[in-house]
Structures are given as structure tokens and as C-alpha cells.
Asker: 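I am attaching a structure below and will ask some questions about it afterwards.
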Amino acid sequence: MVLNHKLTNDEHSYGWGPVIMHWLIALAIIGLYPLGWYIETLDYYDPAYRTIPVWHKSIGIIVAMVLAVRLIWRSFNKPPAPLPQPKKMVIAAKIAHALLYLLLLITLISGYLISTADGRAIELFNLINIPALPFAIDNQEDIAGLIHFIVATILISLAAIHAIAALKHHFIDKDITLKRMLALREE
Ligand code: HEM
Ligand code: HEM
């Protein structure tokens, strides 16, 4: 196996552009989930109350930006063809990937709606302000908060199953599914 030198996907391999975006988003989600739980344990007088939510929201906004690039990229540069395996597995993987994108989108939007429910902008690392929508619904913070928690939990659970599937491909089926997502390709 050698490192793929291509930026874009081709019919057989993922280019390192989509690979870097995949792993950035994956790492961020794995970090954001416990950080979100931690936010819930903080009270107003805790010094971390001033920092941890800013970190959670700012990393989340960066995930949203990377996801936007990734989805636009994907519409122009399709992922490689599925590796030979039963049709049912190919369909299951496609559904799981589409669901991961959808759950991620809902988590990000609901996070934005919690944070901007009182009309205040989100500070991206205290550098840039992301403005709130000019309107809000009654109980927006609570409703968006509930959706955020439930959907983020489904997202992290599906991501765990997805990761187990990737490891099964690697260690049991011994195919190149995981290697492809690490920008490795056959010589
Ligand atoms: C994929 C990305 C994200 C994940 C996995 C995630 C996960 C979580 C989790 C698990 C919680 C704890 C919820 C609870 O226990 O009720 C939480 C809380 C929170 N998240 Fe996120 N989050 C993400 C992105 C965002 C974004 C983009 C924002 C805002 C811009 C955001 C804003 C918040 C806020 C304000 C809370 C506190 C909730 C509350 O006070 O009800 N999150 N997040
Ligand atoms: C934690 C959050 C994660 C999310 C949201 C996520 C999401 C995704 C998505 C949406 C795809 C489809 C890519 C596309 O074709 O557009 C994908 C592919 C892939 N992911 Fe993840 N992933 C995560 C974590 C992981 C982890 C931890 C592993 C490995 C242990 C992994 C291994 C793979 C592999 C190998 C592929 C390529 C699958 C194929 O070629 O059929 N992912 N991931």
C-alpha cells in the first residue's frame, strides 16, 4: 500500500481532501459529545462556564463549515465505487452514510438554535460573531435543546456502529475499506 497522492476521489480511492475532512469531522464529534455533557454539569459560577460552552459552540461551527465544504465537494466529486460485497451490505452502508450526514446536520442546526434562542450571536472563539435569526419560536431553547441531545446521541451511536463495521472490514474481511479512508491505495 502507498499513500494516495491525489487530492480528489477517483473510481477506486478516496482523495486526501475528503479523507482529511472525514477525520476532522469524526474527531470533532467524538470530542463534542462528552463536552456537551460536561456543559450540562456546569453552574453559572463555575469558571469553566465561561470557556467550555464557547469551545463546544466554536468547534461545532467549524464542523458545520467543514461539512458544507464536504457536501459541496461530494456533489462534484463522487466517492469511489463500493468494494465487491453483497448488495444488501452496499445498500446498508449507503443508508448509514446518508443518515450520518442527516443526523449531523440536525445536530448542528439544533445547536445553533439553542445558542441563538435569546437573539444573541454565537462567538466563534471570541473572534467572529455568527448572528442569530431575526425571529425565534416560544420555548426555542428547550425544544432545540431536547432535539440536540436526542439527535446527537443517535448520531454518536450510529457512528460507533459505523466504526465497528469499518474495523470488521479491516480485521475480519481483510479488505481495503478502512485503508481507502486513510488515503492509502494499492500500488
Ligand atoms: C456534531 C456536533 C455536536 C455534538 C455531537 C453535540 C453534542 C452535544 C451534547 C451531547 C450536549 C449535551 C446535551 C444534554 O445533555 O442535554 C450538547 C449541549 C449543547 N450544545 Fe452541542 N453538539 C454539537 C454541536 C453544537 C453546535 C454547533 C452548537 C452551537 C453552535 C452547540 C451548542 C450546544 C449548547 C448551547 C449546549 C447546551 C445545551 C443546553 O443548555 O440545553 N452544539 N451538545
Ligand atoms: C465519529 C463520526 C463519524 C462520522 C460522522 C462518519 C461519517 C462517515 C460518512 C458520512 C462516510 C461516507 C463518506 C462518503 O462517501 O461521503 C464515511 C465513510 C467511512 N468512514 Fe466514517 N464517520 C465517522 C467515524 C469513523 C470512524 C471512527 C471510522 C473508523 C474506525 C470510520 C471509517 C470510515 C470508512 C472506512 C469509510 C469509507 C466507507 C466506504 O468506503 O464504504 N468512520 N464516514
Side-chain angles (χ1 to χ4, degrees), residues 1-36 54-83 85 89-116 122-125 127-131 133 144 147-167 169-170 175-185:
M1 293 306 272
V2 292
L3 202 62
N4 194 356
H5 56 274
K6 283 178 71 176
L7 177 66
T8 53
N9 303 328
D10 61 27
E11 215 202 312
H12 305 292
S13 55
Y14 281 102
W16 51 266
V19 167
I20 288 177
M21 290 190 275
H22 173 269
W23 292 109
L24 273 181
I25 294 178
L27 277 181
I29 293 176
I30 295 166
L32 283 171
Y33 191 81
L35 216 54
V54 176
W55 276 84
H56 182 84
K57 290 186 254 182
S58 301
I59 297 171
I61 300 282
I62 292 172
V63 169
M65 291 171 177
V66 177
L67 180 66
V69 175
R70 180 150 181 217
L71 290 177
I72 295 169
W73 186 312
R74 198 179 196 281
S75 69
F76 289 105
N77 178 216
K78 298 279 173 235
L83 293 168
Q85 58 175 323
M89 299 301 283
V90 174
I91 295 172
K94 282 209 165 127
I95 295 174
H97 295 163
L99 268 177
L100 284 168
Y101 283 133
L102 181 69
L103 294 168
L104 191 49
L105 218 60
I106 300 174
T107 306
L108 295 168
I109 293 170
S110 55
Y112 169 83
L113 292 175
I114 309 169
S115 311
T116 54
I122 301 175
E123 291 170 30
L124 182 65
F125 291 117
L127 290 174
I128 309 169
N129 280 348
I130 314 279
L133 293 175
I147 294 175
H148 192 64
F149 172 63
I150 295 173
V151 178
T153 304
I154 301 174
L155 169 65
I156 202 88
S157 313
L158 182 59
I161 297 171
H162 164 78
I164 292 168
L167 295 174
H169 275 285
H170 188 73
D175 66 23
I176 60 161
T177 304
L178 183 57
K179 286 183 182 152
R180 282 210 302 193
M181 209 13 123
L182 292 165
L184 295 169
R185 62 175 179 79

Asker: Starting at CG of L167, measure out to OG1 of T177 and round the result to the nearest 0.5 Å.
Answerer: 11.0 Å

Asker: Find out whether L178 and H169 are in side-chain contact, i.e. whether some heavy atom of one side chain is under 4.5 Å from a heavy atom of the other.
Answerer: no

Asker: Apply the side chain to side chain contact (heavy atoms under 4.5 Å, CB included) test between T107 and each candidate in I156, V151, I154; give the one that qualifies.
Answerer: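 Only match with T107 under side chain to side chain contact (heavy atoms under 4.5 Å, CB included): V151.
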
Asker: Hey, are the side chains of L184 and L3 touching, using non-hydrogen atoms and a 4.5 Å cut-off?
Answerer: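 Side chain of L184 against side chain of L3, heavy atoms only: contact under 4.5 Å found.
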
Asker: Counting only heavy atoms not in K94, do more than 12 sit closer than 6.0 Å to its NZ atom?
Answerer: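 No, the 6.0 Å shell around NZ holds no more than 12 heavy atoms from other groups.
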
Asker: Of I30, I62, V66, which is the lone residue that meets side chain to side chain contact (heavy atoms under 4.5 Å, CB included) with I25?
Answerer: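 Per the side chain to side chain contact (heavy atoms under 4.5 Å, CB included) rule, the option paired with I25 is V66, out of I30, I62, V66.
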
Asker: Taking the side chain as C-beta and beyond, is there a heavy-atom pair between L108 and V63 under 4.5 Å?
Answerer: yes

Asker: Would you say the side chain of R74 lies within less than 4.5 Å of the side chain of P79, judging by non-hydrogen atoms?
Answerer: yes

Asker: What closest approach, in Å, do L113 and A144 show between heavy atoms, and which atom pair accounts for it?
Answerer: CB-CB, 3.9 Å

Asker: Nearest 0.5 Å, what's the CG-CG distance between L155 and L105?
Answerer: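 If I round to the nearest 0.5 Å, the distance is 11.0 Å.
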
Asker: Side-chain contact test, heavy atoms from C-beta onward, threshold under 4.5 Å: evaluate it for I114 versus I147 and give yes or no.
Answerer: no

Asker: Taking all heavy atoms of M181 and all of W23, pick out the closest pair and write down the distance.
Answerer: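 Result for this residue pair: O-NE1, 2.7 Å.
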
Asker: Determine the minimum heavy-atom distance between S110 and H148, stating which atoms define it.
Answerer: OG-ND1, 3.1 Å

Asker: Quick one: does any side-chain atom of S58 pair with a main-chain N or O of W55 as donor and acceptor, under 3.5 Å?
Answerer: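 No.
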
Asker: Can you name the closest pair of heavy atoms from W73 and M21 and give their distance?
Answerer: CE3-CE, 3.4 Å

Asker: What's the shortest heavy-atom distance between N77 and N9, and which atoms?
Answerer: OD1-N, 2.8 Å

Asker: Could you give me the CA-CA distance, side-chain angles and deciding distance for H56 and L32, then say whether side-chain contact (heavy atoms from CB on, under 4.5 Å) is met?
Answerer: CA-CA 6 Å; H56 182 84; L32 283 171; 3.5 Å; yes

Asker: What is the distance from atom CG of L67 to atom CE of M65, rounded to the nearest 0.5 Å?
Answerer: 12.0 Å

Asker: At what distance, to the nearest 0.5 angstrom, does CD1 of I176 lie from NE2 of H170?
Answerer: 11.5 Å

Asker: Could you give the distance from CG (L158) to CG (L103), rounded to the nearest 0.5 Å?
Answerer: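 If we round to the nearest 0.5 Å, L158:CG and L103:CG are 6.5 Å apart.
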
Asker: Would you indicate whether the side-chain heavy atoms of I122 and Y112 approach each other to under 4.5 Å?
Answerer: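 Of all side-chain heavy-atom pairs linking I122 with Y112, at least one is under 4.5 Å.
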
Asker: Do the ring planes of H162 and H22 sit parallel (below 30°), tilted (30 to 60°) or perpendicular (above 60°)?
Answerer: tilted

Asker: Check whether any side-chain heavy atom of R180 sits under 4.5 Å from a side-chain heavy atom of H12, and report yes or no.
Answerer: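 Answer no - side chains too far apart.
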
Asker: If you look at every heavy atom in S13 and N4, which pair is closest and at what distance?
Answerer: OG-ND2, 3.3 Å

Asker: Report the distance from atom CD1 of I130 to atom CD of E123, rounding to the nearest 0.5 Å.
Answerer: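 It comes to 10.5 Å.
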
Asker: Do L182 and Y14 come close enough that some side-chain heavy atom pair is under 4.5 Å?
Answerer: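 No, too far: nothing below the 4.5 Å cut-off.
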
